[in-house]
Protein chains: 2
Amino acid sequence: MCTVNFSASTTHALRATAWLAAHPGEDAVLGRDLARKLKIPPDYLSKVLATLARNGVLRAVRGAKGGYRLARAPERIKLAEVVTPFEGKRARTGCLLHPDRPCRDSGACSAHASWGGVSQAYRDFLDRTTVADIRDHP
Amino acid sequence: MCTVNFSASTTHALRATAWLAAHPGEDAVLGRDLARKLKIPPDYLSKVLATLARNGVLRAVRGAKGGYRLARAPERIKLAEVVTPFEGKRARTGCLLHPDRPCRDSGACSAHASWGGVSQAYRDFLDRTTVADIRDHP
DNA sequence: GTGATACTGGATATGTATATCCAGAATAGA
DNA sequence: TCTATTCTGGATATACATATCCAGTATCAC
């Protein structure tokens with residue numbers, strides 16, 4: 001798959017939640033408005049937003065005066081919650097050479113520790129950063 | 001795309017080079033033997049090995065007594081050389097929310113530094129670890 | 001209730017990664 | 001040179017991520 005960056009769906013999800021956190025207000029935000037602001041294909045973003053709503057990150061309201069808003073205060077939404085629904089099957093946090101197997105410390109190669117450090121830094125980032133932390137991104 | 005792990009092609013490449021480093025010898029190793037040892041589809045692995053040969057990581061010899069061997073001593077082959085040919089287009093080491101843009105420190109969000117740390121740890125790993133370091137992986 | 005609105009979900013299209021098959025080219029050995 | 005052998009490259013197939021379209025359903029305002 002890849003280096004340390006995210007799929008298009010995951011990036012859309014991060015940008016949408018960051019934008020909602022940066023623009024608080026009493027009204028819900030329309031999916032198509034969000035798509036226009038973020039320059040994301042509206043029909044594709046709608047799928048992403050629906051997934052976030054199903055997973056409790058957003059609250060979706062249908063009908064007139066409807067739209068999306070964050071389910072909680074942005075300080076209380078970890079990036080892990082935003083990312084996980086889209087990284088599901090790929091999230092194999094296993095060994096470097098055997099992503100399907102759990103990592104065992106015993107009998108490891110000499111790169112085991114340094115690779116584990118990279119992997120751990122990534123998980124810590126998702127677990128300690130909240131949507132409020134990415135709110136002010138340009 | 002993904003969490004901190006690699007595509008199937010990249011993982012195959014890492015495992016193949018690690019195996020070659022772990023089994024030094026005067027003879028070249030046949031592609032189909034490598035595939036059998038590593039339990040990788042032979043026809044797919046052959047494409048991966050050809051790419052590694054094109055990029056100077058392996059030396060390929062055709063015909064009788066042919067096969068593959070490492071182009072240099074495993075201590076002198078960085079993992080970055082093995083990984084880069086397969087991560088080419090994905091290797092966008094940009095911002096968290098804008099992978100296409102270079103990361104600017106000015107005007108960054110509060111998560112900028114911690115994300116940059118994760119990204120840097122990943123690049124350092126690929127640049128400082130060699131094939132010799134993953135040779136003894138089970 | 002009625003109608004307008006906006007999210008939801010299914011069907012479909014495209015691109016890329018993964019995987020397979022096979023003919024062709026290059027090499028070693030006789 | 002001839003032949004067996006092995007890598008190389010093109011064509012093709014499958015799965016999944018990305019992207020689009022549209023009918024259905026839930027909600028608000030009147």
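In this text, all values refer to a predicted model and were calculated from it rather than measured experimentally. Computed over heavy atoms, backbone and side chain alike; hydrogens, waters and symmetry mates excluded. Convention: sequence-line order gives letters A, B, ...; per-chain numbering from 1.
- Heavy atoms of B:L30 sit under 4.0 angstrom from primed sugar atoms or phosphate atoms, though from no base atom.
- B:R69 is linked by a side chain to side chain contact (heavy atoms under 4.5 Å, CB included) to B:A28, B:R59, counting only residues two or more places apart in sequence or in another chain.
- Residues satisfying the salt bridge (charged side-chain N to carboxylate O under 4.0 Å, His left out) criterion with B:R76, sequence neighbours excluded, are absent altogether.
- The distance from atom CG of B:L49 to atom P of D:dG9 is 13 Å, rounded to the nearest whole Å.
- For A:R54, the side chain to side chain donor-acceptor pair (under 3.5 Å) partners two or more places apart in sequence, or in a different chain, are A:T51.
- Between the CZ atom of A:R32 and the P atom of C:dT8 there is a distance of 14 Å, given to the nearest Å.
- With rounding to the nearest 0.5 Å, the separation of CG in B:L96 from CZ in A:F6 is 6.0 Å.
- The interatomic distance linking A:D27 (CG) with C:dA6 (P) rounds to 11 Å, in whole Å.
- Applying the side chain to side chain contact (heavy atoms under 4.5 Å, CB included) criterion to A:T130, with sequence neighbours excluded, gives A:A132, A:D133.
- Remark: C1' of D:dA19 and NZ of A:K47 are 10 Å apart, rounded to the nearest angstrom.
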message: Run A:F86 and A:V48 through side chain to side chain contact (heavy atoms under 4.5 Å, CB included) and show every step you take.
response: CA-CA 9 Å; A:F86 304 97; A:V48 172; 3.6 Å; yes

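- Between the two ends of the helix from C:dG1-D:dC30 to C:dA30-D:dT1, each summarised by a five-pair axis, the helix axis turns through 20° (rounded to 10 degrees).
- In this structure, B:R59 reaches neither bases nor backbone, as no heavy-atom distance under 4.0 Å exists between it and the strands shown.
- Every residue was checked against the salt bridge (charged side-chain N to carboxylate O under 4.0 Å, His left out) condition with A:R32, not counting sequence neighbours, and none meets it.
- In this structure, of C:dT18, C:dT8, D:dA19, it is D:dA19 that holds the atom nearest to the side chain of A:H12.
- Remark: A:K47 pairs with no residue by the salt bridge (charged side-chain N to carboxylate O under 4.0 Å, His left out) rule, at least two apart or across chains.
- Computed from coordinates, the A:R54 CZ to C:dT8 C1' distance equals 9 Å when rounded to whole Å.
- Summarising the geometry, the separation between CG on B:L52 and P on D:dT8 is reported as 11 Å, rounded to the nearest angstrom.
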Detail all sub-3.5 Å separations between protein N/O atoms and N/O atoms belonging to nucleotides 28-30 of chain D.
unit_1 : atom_1 : unit_2 : atom_2 : d
D:dC28 : O4'    : A:A64  : O      : 3.3

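- For the residue pair A:R123 and A:S119, a side-chain donor N or O sits within less than 3.5 Å of a side-chain acceptor on the partner.
- Residues satisfying the salt bridge (charged side-chain N to carboxylate O under 4.0 Å, His left out) test with B:R62, not counting sequence neighbours, are none.
- Residue A:L45 contributes atom CG, which lies 13 Å from atom P of D:dT18 at whole-angstrom precision.
- With sequence neighbours excluded, no residue forms a side chain to side chain donor-acceptor pair (under 3.5 Å) with B:D43.
- Here B:A121 pairs with A:V118 under the side chain to side chain contact (heavy atoms under 4.5 Å, CB included) rule; sequence neighbours left out.
- Residues from residues 34-44 of chain B lying near DNA chain D, meaning a heavy-atom separation below 4.0 Å, are absent.
- With C:dC7, D:dT18, D:dC7 as the choices, the nucleotide that has an atom nearest any side-chain atom of A:A8 turns out to be D:dT18.
- For A:L58 and C:dT8, the CG to C1' distance is 14 Å, given to the nearest whole Å.
- One finds no side-chain N or O of B:S9 lying less than 4.0 angstrom from the OP1 or OP2 phosphate oxygen of C:dA17.
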